[in-house]
Amino acid sequence: MANAMLHQSVGNLQLLSNSGTRYKVGNKYVRLLPKGFKLEVEFSKRGTYRSRERKFNVIQASASQTSVVDPVLVPSNNGTHESQKKSNEAALILIRHGESLWNEKNLFTGCVDVPLTKKGVEEAIEAGKRICNIPVDMIYTSSLIRAQMTAMLAMTQHRRKKVPIIIHNESEQARAWSQIYSEDTINQSIPVMAAWQLNERMYGELQGLNKQETADRFGIEKVHEWRRSYDIPPPDGESLEMCAQRAVAYFKNNIEPQLLSGKNVLIAAHGNSLRSIIMYLDKLTSQEVISLELSTGIPMLYIFKEGKFIRRGSPVAPTEAGVYAYTRRLAQYRQKLDEMLH
Ligand SMILES: O=C(O)[C@@H](CO)OP(=O)(O)O
């Protein structure tokens, strides 16, 4: 029997069952979709959804074993009780991408899609070592290669050795052509969702300019205002406030429901998209966020518990133990990994 958790902010999802499938939509209790039934779910912009189960032709289903759009398969022993227990706590890891070729050259980058330098690759691997004992069930990255490289390189270090797989939902064909037909293989993979909403703040006419030369030309104060103020956009670009509108909305609509259902999430994104998300998580004011700076490749850990985000430890300590105060659940996960790998 397969298990599926359906989630999406807006649009329609369909689940076909050819062998009986337990499913969960949002925070709803787990239901069984009997063999030969089809579930249709319609998600509205307001965050609500309507679902209905209908009979369908089983031959159609056998062509694609369990055809789930955007599936997040949960372990098969994960019944209602277990998922309720799980929803008590979830880990959230945030990583700013490693150094990019334009960070190295001190150029405004924004939404220009620039890869990592060798140092950036090493930073991502180092970040991976720091989080190798923390559970990761879902990964969110921006649509930019520097964030995606960082997530993938970091995951090469993870002790659980699940395979991160980019989910292609951009068209029906992309969805159909990237289906996986083994439940075991799905259980050994981590869905990676790439979203433009997590992209770096769009830097407008500063993109590609040298930061030092721009400060020499327009003055340090003006450039600092463009770079760090909350609501003043750079010429033709996005202010942090504008960036927050899309990044935080995406976080609330897509990532928070995952955390609520007990999924442990890693987000690999950018200096300013993450600053805006941290502003939301830490309830920073528009004054306080001005002085928030994120280093490249340093993972930050939050615990989501009872609807609250709790920051664990300092992200800049030199050792993992110093960085992350483990919760009991994280310590248990680590112990399980130790047992499994020795
Ligand atoms: O150039 C950029 O896209 C960003 C991040 O590197 O710059 P800033 O330091 O101004 O946020």
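The shown structure was predicted, so the numbers you read here are calculated from the model rather than taken from an experiment. Ligands are counted one by one from 1 in listed order, and the atoms in each one are counted from 1 as well.
Under the 4.0 Å criterion applied to side-chain N and carboxylate O atoms, E339 and K336 are not assigned as salt-bridge partners.
Less than 4.0 angstrom separates some heavy atom of N103 from each of these atoms of ligand 1: 6 (O). For ligand 1, the atoms closer than 4.0 angstrom to any heavy atom of F108 are 1 (O). Of all atoms in ligand 1, listed by their number and element, those nearer than 4.0 Å to a heavy atom of L107 are 1 (O).
Between the side chains of Y230 and E288, no donor-acceptor pair is found at a separation under 3.5 Å. When only modelled atom types and interatomic distance are considered, H97 and T296 share no side-chain donor-acceptor pair under 3.5 Å.
Assignment of R228 to the shell around ligand 1 is supported, since a heavy atom sits closer than 4.0 Å.
Taking distance alone, with nitrogen or oxygen atoms compared against 3.5 Å, G110 approaches ligand 1 more closely than that limit. Between R146 and ligand 1, not a single N/O pair is under 3.5 Å apart.
Between F251 and F309, the gap from one ring centroid to the other is short of 6.0 Å. Taking the six-membered ring for Trp and the full ring otherwise, W196 and Y250 have centroids separated by 6.0 Å or more.
A donor-acceptor pair is defined here as one N or O able to donate and one able to accept, closer than 3.5 Å; no such pair exists between the side chain of T109 and the backbone of V112. R201 contributes no side-chain N or O that, together with a main-chain N or O of S273, makes up a donor-acceptor pair within less than 3.5 Å.
Only the side chain of R96 comes within 4.0 Å of ligand 1, judged by heavy-atom distances. At a heavy-atom cutoff of 4.0 Å, ligand 1 is contacted by the side chain of K211 but not by its backbone. Contacts with ligand 1 closer than 4.0 Å are made by side-chain heavy atoms of N272 only, the backbone lying farther away. Of all the heavy atoms of H270, none lies under 4.0 Å from any atom of ligand 1, so neither backbone nor side chain is involved. Of all the heavy atoms of W102, none lies under 4.0 Å from any atom of ligand 1, so neither backbone nor side chain is involved.
Protein heavy atom nearest atom 5 (C) of ligand 1, with residue, atom name and distance: E200 OE2, 3.3 Å. Of all protein heavy atoms, the one closest to atom 1 (O) of ligand 1 is T109 N, 2.8 Å. At the top of the distance list for atom 9 (O) of ligand 1, counting protein heavy atoms only, stands R227 NH2, 2.8 Å. Ranking the protein heavy atoms by distance from atom 10 (O) of ligand 1 puts Y203 OH, 2.5 Å first.
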*Between D216 and Q212, does a side-chain hydrogen bond (donor to acceptor under 3.5 Å, both in side chains) hold up when you go through it step by step?*
CA-CA 6 Å; D216 294 344; Q212 185 54 53; 3.0 Å; yes
*Stepwise side-chain contact (heavy atoms from CB on, under 4.5 Å) check, W177 with H168*: CA-CA 9 Å; W177 286 23; H168 284 282; over 6 Å; no
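Once rounded to the nearest 0.5 Å, the distance linking OG1 of T156 with CD1 of I125 reads 5.5 Å.
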